[in-house]
Protein chains: 2
Amino acid sequence: MRPSIKQVAHLAGVSIATVSRLLNKPGSVSAETAEKIHRSIAELGFRPNFTGRNLRAGNSRTVGVVVPTLSNTVFAQCLQGIELAARALDYSVMFTTTEYLPEDESAAVELLLGHRVDGVILTVADAGANATLDLLERERIPFVLAYNQLAAADAGTAIQRASVSVDNRAAACDAVTHLIGLGHRRIQMLSGRFNASDRAMQRYCGYLDAMQAAGLAPLPAIEVERHTLTAATDYQQMMADPRHRPTALFCSNDLLALSAMRDLRALGLQVPGDISVMGFDGIPVGALMQPVLASVVQPSEQIGDVALRTLVDAIERALPAAVAASLPVETPVPVIAGVRHILPHALREGGSVAPPAPASC
Amino acid sequence: MRPSIKQVAHLAGVSIATVSRLLNKPGSVSAETAEKIHRSIAELGFRPNFTGRNLRAGNSRTVGVVVPTLSNTVFAQCLQGIELAARALDYSVMFTTTEYLPEDESAAVELLLGHRVDGVILTVADAGANATLDLLERERIPFVLAYNQLAAADAGTAIQRASVSVDNRAAACDAVTHLIGLGHRRIQMLSGRFNASDRAMQRYCGYLDAMQAAGLAPLPAIEVERHTLTAATDYQQMMADPRHRPTALFCSNDLLALSAMRDLRALGLQVPGDISVMGFDGIPVGALMQPVLASVVQPSEQIGDVALRTLVDAIERALPAAVAASLPVETPVPVIAGVRHILPHALREGGSVAPPAPASC
DNA sequence: TTGAAAGCGCTAACAG
DNA sequence: CTGTTAGCGCTTTCAA
């Protein structure tokens, strides 16, 4: 078996408590015993067992992360940001995926709770009505939403929730306003399924805002399955007919925009000559393409970074509270002081958008 | 505090042993006690605490993953494959990043070992001489390399190691042979730093193989920092001069290829008109671009999937062995029966390569 | 089929 | 400054 604190104590000729003390507050041990113990540790190749520590301490210095997928760069970058920040704060990361299936969200969280993670960062399909979040709240586990943007109205609910995101609606509105500014009047939104992503819906609202502000007639969004347009026959028809064809496409994410561009080429249409395409996310490869994909850039890695730091804040604020809570009745202290972090977005201009062809006006 | 098996037992009027039994092998408990216990579990919202179980059982049903970065889609997809497979086998994933710093590899693994993960999947800078792998071996922790490809020669070492990858050298050779087949004779390899990635070196060997087989003069590779060519002034000069300029570029990864194409455009060069560009990795976005990025496709998600399954195999094979080992002396049983999984690669043709312009021949 | 009890590795009182 | 001891949640003999 792997060496434990016990073997170290035995070899050093001290008690296990002394070893533990050295590990936790080195100052409380005399120089020479410290020396002896260090030698034993080195000799045995001892490495403290977090499992024992966690069981005793009731916390694991581990956070859980639940995102839809890693196939979308956006989430990969976010996870990257989380990991970096976690490492800096001496936390570990346990990671899960839902494949955009709302029913997998709960299972993922249950598993993490079994591991007694100290908190959870998640991106859920719909933050508005979500059983998983209720579960987390009931269990009094601190959590922070990433990408999901809490409505301002939620600020009034019993317990405030925390989220880190851009202002999806405003950002989408900016993007569409940019297209309108270029002269586009017939703008179609292409979106991921609303029921798989509340962000998609918020972005559609932003689209509506922009269209209405300009006095233009908004079109219903075309919802498509995960980054593929092949199934959307109504879309294909619309594109085939020059009279119904929009002059610009606004896509709820960059992967969608990229596949849309590919499909348009297959239809023999030029971007931006025949039609402009704008994305959302600002994934790095978009800037390497020709033409550059115009998009709304969200700071994904920073979203992860801020989410983690917010979470750890909450965890460490909750710690003393938990101790206090063991005295009186269940203290109704909110696990997390609701923070709606809205990070700045930016418009990335690119060759994929241009003023509409004169004939279209 | 969260309910434990103890509270459940108390509420159900049985002993904790019985509750534990029900949780582990339900058959060994009478129907009516089972019923009582289930009710208590539901009433209390009890959830087994893995920490306790792990401490007792000595295993955690958790694997550690160490990759250089998630900014490269390749690793994100691999992690995705790992997570999916892990979930199917009821394992959890603890995840870390090294930012391509070899010195961070050990720290990452140390942390994972502290959490008593049952095994580790990693991509290291250099699998040949690597202190981290030695550590893992010394600690008898099963591990599987992903992307790192063990040399056939390693099959003879004391303990065989496991790896899952494509045949980097052969794959690179295929790619360069393809370029040669199109008529290119002056082919330059652009590579990530050899000391940050042994794959890059293996791919360069494949380049040499192809050049030599065709009787062409190979050029030294140009090593560049993580996906940016801006610093490589010698490269800029070579490109500026039509006489020294290669007719084709072979890049050790797709991100590099994409930025190379961007830089070439900035220099006023056409791809593939003035110069062909071929990548390695076959990241999905490459196929969405115009022109499509020709590349060697490696099955990243599958690499993750196979790596995890190989690892779990080893873990579960080691379990009974560990029990047996507590009887006699340290059994010198290799933790893992060295498996060099070589997964098939594929050439993705794309518009980024074409025969060289006649003048160049 | 069930219960009592020991112990996994560690921390935190409490004594000395 | 150091040792003794109890116990975190759980599994697992060993008896009954």
Side-chain angles (χ1 to χ4, degrees), chain A residues 1-38 40-41 44-62 113-118 319-320 322-323 326, chain B residues 1-38 40-41 44-62 113-118 319-320 322-323 326:
Chain A
M1 217 45 214
R2 231 161 283 284
S4 77
I5 210 179
K6 205 162 156 185
Q7 344 262 7
V8 174
H10 181 75
L11 181 58
V14 298
S15 76
I16 60 167
T18 305
V19 179
S20 176
R21 270 188 215 102
L22 178 64
L23 263 30
N24 296 299
K25 18 182 187 149
S28 62
V29 172
S30 84
E32 56 179 340
T33 26
E35 172 60 22
K36 276 192 303 187
I37 297 176
H38 277 134
S40 310
I41 288 179
L44 294 169
F46 167 78
R47 189 192 327 280
N49 184 336
F50 294 167
T51 312
R53 174 177 307 187
N54 298 346
L55 183 56
R56 176 64 221 232
N59 71 317
S60 56
R61 284 196 92 78
T62 299
L113 292 182
H115 281 287
R116 292 302 189 269
V117 296
D118 294 341
L319 269 192
V323 177
S326 61
Chain B
M1 217 44 219
R2 231 162 282 286
S4 76
I5 209 178
K6 204 163 157 183
Q7 345 262 6
V8 174
H10 181 75
L11 181 59
V14 298
S15 76
I16 61 168
T18 305
V19 178
S20 176
R21 271 188 215 102
L22 177 63
L23 262 32
N24 296 300
K25 19 182 187 151
S28 63
V29 171
S30 82
E32 57 179 342
T33 26
E35 171 61 21
K36 277 192 304 189
I37 297 175
H38 276 134
S40 311
I41 287 179
L44 293 169
F46 166 78
R47 191 190 325 282
N49 183 335
F50 294 166
T51 313
R53 175 177 307 189
N54 298 346
L55 184 55
R56 176 65 221 232
N59 71 316
S60 55
R61 284 197 91 78
T62 299
L113 292 183
H115 281 288
R116 292 302 189 268
V117 295
D118 294 340
L319 270 191
V323 177
S326 59

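All values reported here derive from a predicted model rather than from experimental measurement. Convention: sequence-line order gives letters A, B, ...; per-chain numbering from 1.
Rounded to whole angstrom, the span from the NZ atom of B/Lys25 across to the C1' atom of D/dC10 amounts to 15 Å. Between B/Leu22 atom CG and C/dG3 atom P the separation is 12 Å, expressed in whole Å. The separation between A/Leu23 atom CG and C/dT11 atom C1' is 11 Å, rounded to whole Å. Between the P atom of C/dC14 and the CD1 atom of A/Ile16 lies a distance of 18 Å, rounded to the nearest Å. In this entry the distance linking CD1 of B/Ile5 with P of D/dT12 reads 11 Å, nearest Å. Rounding to whole angstrom units, CZ of residue A/Phe50 and P of C/dC10 are separated by 10 Å. Rounded to an integer number of Å, the gap from CG of A/Leu55 to P of C/dG9 is 12 Å. Distance B/Arg61 CZ to D/dT11 P: 13 Å, rounded to the nearest Å.
Map B/Val29 and B/Arg116 each onto its nearest nucleotide of DNA chain C; the residue landing nearer the 5' end is B/Val29. DNA chain C is contacted by both B/Gly13 and B/Arg56; B/Gly13 maps to the nucleotide lying nearer its 5′ end (nearest heavy atom per residue).
Within the 4.5 Å cutoff, the side chain of B/Arg53 has no heavy atoms near those of the B/Arg61 side chain. Counting only heavy atoms from C-beta outward, the side chains of B/Val14 and B/Ile37 approach each other to under 4.5 Å.
You'll find that the side chain of A/Thr33 is closest to D/dC1, out of D/dC1, C/dG9, D/dC8. When each of C/dT1, D/dG9, C/dA13 is scored by its nearest atom to the side-chain atoms of B/Ser30, the top-ranked nucleotide is C/dT1. Across C/dT11, D/dC10, C/dA4, the shortest atom-to-atom separation from the side chain of B/Arg21 is found for C/dA4. In the set D/dG3, C/dG7, C/dC10, the nucleotide with an atom closest to the side chain of A/Thr18 is D/dG3. For B/Arg53, the listed nucleotide lying nearest its side chain is D/dT11; candidates were C/dC10, D/dT11, D/dG3. When distances run from any side-chain atom of A/Ser4 to the nucleotides C/dC10, D/dT4, C/dG7, the shortest one goes to C/dC10. With D/dT2, D/dC8, C/dC10 as the choices, the nucleotide that has an atom nearest any side-chain atom of A/Pro48 turns out to be C/dC10.
B/Phe46 approaches B/Ile5 most closely through the heavy-atom pair CE1-N, 3.4 Å. Between A/His38 and A/Leu22, the shortest heavy-atom contact is NE2-CD2, 3.9 Å.
Judged by distance alone, with hydrogens and angles left aside, A/Arg2 brings no side-chain donor or acceptor close enough to the base of C/dG9 to form a pair under 3.5 Å. Checked by distance alone, A/Arg47 brings no side-chain donor or acceptor within 3.5 Å of a matching partner on the base of C/dG9.
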Would you check, one step at a time, whether the test side chain to side chain contact (heavy atoms under 4.5 Å, CB included) holds for B/Asn24 with B/Ser20? CA-CA 6 Å; B/Asn24 296 300; B/Ser20 176; 3.3 Å; yes
Determine, step by step, whether A/Ile16 and A/Val8 satisfy the side chain to side chain contact (heavy atoms under 4.5 Å, CB included) criterion, reporting the C-alpha distance in whole Å, the side-chain angles of both residues, the deciding distance to 0.1 Å, and the verdict. CA-CA 8 Å; A/Ile16 60 167; A/Val8 174; over 6 Å; no
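End-to-end axis angle for the helix from C/dT1-D/dA16 to C/dG16-D/dC1, using five pairs per end and rounding to 10°, comes out at 40°.
Judged by distance alone, with hydrogens and angles left aside, the side-chain atoms of A/His10 form no donor-acceptor pair with the main-chain N or O of A/Lys6 at under 3.5 Å.
Applying the 4.0 Å criterion to OP1 and OP2 of C/dT11, one finds that A/Ser20 has a side-chain N or O inside that range. Applying the 4.0 Å criterion to OP1 and OP2 of D/dC8, one finds that A/Asn54 has every side-chain N and O outside that range. OP1 or OP2 of C/dC10 has not a single side-chain nitrogen or oxygen of A/Asn49 nearer than 4.0 Å.
Note on A/Ala57: nothing from the nucleic acid sits closer than 4.0 angstrom, heavy atoms only.
A donor-acceptor pair shorter than 3.5 Å can be found between the side chains of A/Asp118 and A/Ser60.
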